[in-house]
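Each chain gets a letter, A, B and so on, in the order the sequences are listed, and its residues count up from 1. Hydrogens, waters and symmetry mates play no part in the numbers below; they use all other heavy atoms, side chains included.
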Protein chains: 2
Amino acid sequence: MDDSLRIDGLDRRIVALLEQNARASFATIGAAVGLSAPAVKRRVDRLIETGVITGFHASVNPRALGHDVSAFVELYTEGRTPALEIARIAARHPEVQEAYTVTGDANALMRVRTTDTSHLEKTLESLRAHPAVLQTKSSVVLSRLLPPIS
Amino acid sequence: MDDSLRIDGLDRRIVALLEQNARASFATIGAAVGLSAPAVKRRVDRLIETGVITGFHASVNPRALGHDVSAFVELYTEGRTPALEIARIAARHPEVQEAYTVTGDANALMRVRTTDTSHLEKTLESLRAHPAVLQTKSSVVLSRLLPPIS
DNA sequence: GATGAAACTTAATTTTT
DNA sequence: AAAAATTAAGTTTCATC
């Protein structure tokens, strides 16, 4: 582990607050952890630079956007398919929101977001069209339990 | 669908920009979509009010925080366990970052984040300690492929 | 009903100590 | 790291289309 990634308890508390609310002001965060706004900003800048914080993102209710079907898709790939190739396959599909290589029967797990089941079907077919993809196994999301929609 | 949830193309573009960068200024977003900063703010406020945007969150590199093990855990529960009860089980464990009810063999899917494999084991045992939980099936994350760490 | 311009308020950021 | 000063952004008001 790089020495520049060393973080202390204050950093952890700042990160935790930003995970909950990425738009909290530096002053608010500072009040919570006992620092001035500029001090918090410097730490946040460093946390971003060192790759501890990887980004700030709005969470959306997919259904409100007309994306009614979310699914977790397990990908079974050819024996020696490198992770980079799986990443390329995933990146080619805008429906893929997240992708991970995992232990277990499947080689990768993806979360996909589609407008409807027909769109999901097309996405799965498109994924399986790649020669390295042997099979997909999907679990359609019925409801999100956590984190609760605030 | 509630009429207040109706969103147009501009809203979609604003949401897409905020999904990428939750800290983009209203002026920056406005420049991208052809609106003034106040107009963007009003739309964002409305998108939050109507539940389209559910929050703003910092993404972190779990490993940098000493959370070296992430896993997807399938939960097999007693036949008539309602989603709300699964939500309660999930909420009791701070290691559970996300939880969904899903179609397929398992009843629910969770993403958990732990410091190490021993911590993961304790979390799984704790989940199985609940009478409604029959079995867990885990896939440990080897690497995140998407979204790329910017 | 939503917009943009301007005024005003608050926060971000830089500089200094 | 904090305080003060500066710059930029958020927010409200209001006239307009």
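Among the nucleotides D/dA1, D/dA2, D/dG10, the one closest to any side-chain atom of B/F26 is D/dG10.
Looking at A/R43, its side chain never comes within 3.5 Å of a backbone N or O of A/I14 through a donor-acceptor pair. Here the side chain of B/T136 pairs no donor or acceptor atom with the backbone of B/L124 at under 3.5 angstrom.
Between B/T28 and A/G34, the one whose closest nucleotide on DNA chain D sits nearer the 5' end is A/G34.
For the pair A/I29 and A/L18, the minimum side-chain heavy-atom distance is below 4.5 Å.
With hydrogens and angles left out, the side-chain atoms of B/S126 and B/K122 include no donor and acceptor closer than 3.5 Å.
A cation-pi arrangement is present between B/R23 and A/F56, with the terminal nitrogen or guanidinium carbon under 6.0 Å from the aromatic centre and inside a 45° cone about the axis.
The nucleotide range of DNA chain C contacted by chain A, defined by atoms under 4.0 angstrom from heavy atoms of the protein and reported 5' to 3', is C/dA11 to C/dT14.
Contacts of B/S25 with the nucleic acid, taken as non-hydrogen atoms under 4.0 Å apart, involve only primed sugar atoms and P, OP1 or OP2.
Remark: A/D11 engages A/R46 in a salt bridge, criterion side-chain N to carboxylate O under 4.0 Å.
Computed from coordinates, the A/L10 CG to D/dA2 P distance equals 10 Å when rounded to whole Å. To the nearest angstrom, P of D/dT11 lies 17 Å from CZ of B/R43. Here the P atom of nucleotide D/dA1 and the CD1 atom of A/I29 are 14 Å apart, to the nearest Å.
Distances shown here put every side-chain N or O of B/R23 at or beyond 4.0 Å from the OP1 or OP2 atom of D/dA9.
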